[in-house]
2 protein chains.
Amino acid sequence: MHNKPPTIKDIAQRLHLSISTVSRALRNAGDINPETKKSILQLAEDLNYQPNRLALSLRQNQTNTIGVIVPNLDYVISTMVKGIDEAALEAGFTVIVCQSNESFGREVVNTRRMLNSLVDGFIISISSETKSNEHFKVLSEREIPFVVFDRVIPDLLASSVILDNEEGGFIATEHLIEQGYKKIAILAGPQTLGISNSRLEGYKKALKKHDIKYDDELVIYCDFNQEFAFYATEELLSSKKRPDAIFTISDRMAIGAMLAIKKKGLKMPEEIGLVGFNNEPSLALFSPSISSVEQPSFEIGKLAGKIFIEQFLNNDFSNHKEVILKPKLVIRESSVRMTRKGN
Amino acid sequence: MHNKPPTIKDIAQRLHLSISTVSRALRNAGDINPETKKSILQLAEDLNYQPNRLALSLRQNQTNTIGVIVPNLDYVISTMVKGIDEAALEAGFTVIVCQSNESFGREVVNTRRMLNSLVDGFIISISSETKSNEHFKVLSEREIPFVVFDRVIPDLLASSVILDNEEGGFIATEHLIEQGYKKIAILAGPQTLGISNSRLEGYKKALKKHDIKYDDELVIYCDFNQEFAFYATEELLSSKKRPDAIFTISDRMAIGAMLAIKKKGLKMPEEIGLVGFNNEPSLALFSPSISSVEQPSFEIGKLAGKIFIEQFLNNDFSNHKEVILKPKLVIRESSVRMTRKGN
DNA sequence: AATATTGCCGGTAACGATACCGGAAACGTT
DNA sequence: AACGTTTCCGGTATCGTTACCGGCAATATT
């Protein structure tokens with residue numbers, strides 16, 4: 001039923017040439033008379049010829065497509081994906097994105113699915129539920145190239161592009177200390193996740209540097225989730241060891257914490273300070289506006305894309321690059337009590 | 001270099017059978033001895049055989065993939081895409097998403113690109129910049145099936161799934177009227193976009209029903225954009241005809257308006273009411289929380305997916321279905337001045 | 001017993017493209 | 001004149017899969 005798109009065969013028949021000749025002309029290969037070539041290109045243009053990518057991929061065993069596997073598409077990750085997109089576009093690659101929805105099962109299914117000759121390799125950020133690497137080990141065994149970013153996979157050999165999460169935890173905590181907060185709690189993420197632990201490490205490091213005793217009752221592990229953060233904060237605030245500042249390792253959690261703080265009627269930043277992580281745009285709109293650790297998401301994605309493509313084209317995935325980018329603290333009202341509050 | 005995945009040929013050789021027989025076994029076709037079939041399936045399982053989708057698609061001229069073209073991936077649209085995803089998954093289809101970033105050029109490029117035998121058809125929501133249909137007319141000419149959703153394409157014949165935007169504008173406006181607001185302004189979107197106009201129509205309809213005179217100085221056309229809304233609201237508030245309520249046709253715009261209102265020092269909802277559109281989750285967190293028109297985004301996406309697949313499988317795209325779903329008003333603090341403000 | 005019907009299997013062409021090889025004609029070289 | 005070189009083109013195999021046809025037994029039908 002479809003009005004089928006033209007193929008090189010159509011062109012060949014119309015010009016009374018062989019498909020080989022047409023193919024050479026369109027590929028800019030040699031062995032061809034300039035005149036012949038010109039007429040072929042002309043006709044191809046007229047017919048609006050586009051090569052069939054399926055046939056090409058099948059023949060060349062290469063799809064020029066990158067599979068991107070992410071746990072979700074929140075603000076940070078979707079920005080990273082845009083970065084990957086840009087790198088891919090520049091190199092003539094296509095990107096297919098699959099959300100695992102933080103589910104291990106879907107991560108496996110999606111990987112398998114894309115593996116059926118649809119992609120040349122993967123760029124991966126694991127789901128928070130993912131504890132095993134088995135399904136990625138398959139990639140290694142079959143020598144399918146991949147690069148990891150954002151959330152890396154422990155014990156898995158591959159190039160990686162990540163944030164210096166420890167540094168992020170450190171600058172946030174040190175900032176709170178410098179603002180005179182004494183009892184700083186941290187809402188850390190799930191213990192299974194590397195980024196959680198790194199940010200927690202940074203927190204510890206800052207405390208140590210400023211001779212503040214580490215108190216594990218001020219450390220709450222909870223899901224990357226506004227609600228959990230809300231309840232965790234409520235509990236913290238009514239405990240004996242009520243903190244005078246909270247550092248949350250995501251902005252969603254910061255918002256949950258802020259709601260709990262407001263409900264309790266505490267003044268921010270006077271009575272309690274707050275710093276989040278990711279610097280989502282809406283943070284500036286809250287009142288008080290919320291300080292946060294910003295990460296160069298777009299760059300992380302773009303770099304991951306570039307590294308993948310570079311290694312793919314050179315067919316060299318044995319040299320593992322490890323890029324670590326630095327975060328930046330964006331200071332807003334929620335954590336500044338030394339100076340007068342701005343407008 | 002790749003440890004190449006097994007093919008039916010490998011299976012055939014190992015069992016001393018022909019590829020035809022193996023193919024039949026795996027496809028559950030007839031003409032096969034149960035014993036033979038069993039051994040083939042067993043070996044396929046052991047080798048973790050997965051059919052090569054490229055070859056399949058090339059052979060069958062069908063990819064089981066749907067191209068989804070969207071202007072961006074904001075909250076509403078990404079929810080819709082999740083709906084499409086679910087419908088596709090249930091039917092064994094794969095989804096490829098391309099953001100046009102509200103750019104006409106990228107929309108065209110992406111469409112062309114996916115058209116090169118990568119997708120069976122499209123599910124489309126146009127970019128706000130898109131004025132011409134030319135690149136989609138190509139689809140019609142080549143009889144490539146597509147379904148439109150959310151933002152429809154005027155004068156283009158296809159099934160569609162959309163929100164009753166007029167109704168949305170109507171219930172938001174009527175709500176404000178019932179709350180006693182008299183001079184209600186509207187921040188409408190770009191005039192080129194159908195959904196803007198429909199919501200504006202609803203607004204007019206509500207005014208008319210309640211015998212309020214329509215005043216076009218209270219209608220501001222501006223981009224779907226927080227900043228534009230901010231400046232537009234500032235202007236509105238300092239004009240002679242200062243409104244006592246504002247209806248914005250997106251939540252982003254509502255947030256912009258709210259910032260301008262706060263800056264001006266007006267009390268909400270007492271001195272000025274506000275209703276947004278889309279019901280993004282963060283609205284509940286602002287103070288005051290913001291009322292908004294909710295749309296069944298997930299259902300819209302899922303329906304669009306289902307309709308596409310159904311029509312595709314029946315090979316019937318001549319009967320154009322038109323589904324229109326109803327919005328729902330979510331009332332929060334920003335627009336309620338009759339009763340006492342909640343906690 | 002001759003024929004028709006099944007059950008089961010293999011061979012081959014095709015989907016659209018590229019890679020490799022071989023060959024005819026035109027030219028240049030001794 | 002005989003040979004080697006270019007230039008330009010066509011034929012064929014191939015990627016992994018399915019569709020179609022044909023064929024050979026074994027069984028069923030008359």
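Atom set for the values below is all heavy atoms of this structure, side chains included, hydrogens, waters and symmetry mates excluded. Chain A is the first sequence line, chain B the second, and so forth, proteins listed ahead of strands; every chain is numbered from 1.
Side chain of A55(B), nearest nucleotide from dG16(C), dT12(C), dG16(D): dG16(D). Nearest to the side chain of R24(B), among dG10(D), dC9(C), dT17(D), sits dC9(C).
One atom, CD of Q62(A), and another, C1' of dG16(D), lie 17 Å apart when rounded to the nearest Å. Atom CG of L26(A) and atom P of dA17(C) are 9 Å apart (whole Å). Atoms CZ (R27(B)) and C1' (dG16(D)) sit 13 Å apart, rounded to a whole Å. Whole-Å rounding puts the N33(A) CG to dT6(D) P distance at 18 Å. Taking atom CD on Q60(A) and atom P on dG16(D), their separation rounds to 14 Å, with Å as the unit. Atom CG in N52(A) sits about 5 Å away from atom C1' in dG16(C), given to the nearest Å. Per the geometry, CG belonging to L118(B) stands 15 Å off C1' belonging to dC15(C), to the nearest Å. For the pair Q13(B) CD and dC9(C) C1', the computed distance is 17 Å after rounding to whole Å.
Looking at every heavy atom in both residues, F122(B) comes nearest to T111(B) through CZ-O, 3.8 Å. Between D150(B) and I195(B) the shortest heavy-atom distance is O-CG2, 3.8 Å. The minimum heavy-atom distance linking P71(A) with I77(A) is given by the pair CG-CD1, 3.7 Å.
Enclosure of atom CZ in R27(A) by more than 12 non-hydrogen atoms of other residues, nucleotides or ligands within 6.0 angstrom is indicated.
Contacts of L17(A) with the nucleic acid, taken as non-hydrogen atoms under 4.0 Å apart, involve only primed sugar atoms and P, OP1 or OP2. Using a 4.0 Å heavy-atom criterion, one finds that I8(B) contacts the bases of the nucleic acid, with or without backbone contacts as well. Backbone-only engagement by T36(B) is indicated by non-hydrogen atom pairs under 4.0 Å involving sugar-phosphate atoms exclusively. Counting non-hydrogen atoms under 4.0 angstrom, T7(B) reaches the backbone sugars and phosphates but no base.
Residue whose closest nucleotide on DNA chain D sits further toward the 5' end, between L54(B) and D31(B): L54(B). Both H16(B) and L58(B) lie near DNA chain C, and the one whose nearest nucleotide falls closer to the 5' end is H16(B).
Listed pair Y49(A) / dG16(C) fails the phosphate criterion, with no side-chain N or O lying under 4.0 Å from OP1 or OP2. For K4(A) and dC15(C), the shortest distance from a side-chain N or O to OP1 or OP2 is not below 4.0 Å. Listed pair T21(A) / dG10(D) meets the phosphate criterion, a side-chain N or O lying under 4.0 Å from OP1 or OP2.
A donor-acceptor contact under 3.5 Å is not formed by the side chain of R53(A) with the base of dG16(C). Donor-acceptor pairing under 3.5 Å, judged by distance alone, is absent between the side chain of S18(B) and the base of dG11(C).
Judged by distance alone, with hydrogens and angles left aside, the side-chain atoms of N48(B) form no donor-acceptor pair with the main-chain N or O of Q50(B) at under 3.5 Å.
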Worksheet item: Between F317(A) and E143(A), is a side chain to side chain contact (heavy atoms under 4.5 Å, CB included) present by the stated rule, with each step listed?
Response: CA-CA 9 Å; F317(A) 280 86; E143(A) 295 186 35; over 6 Å; no

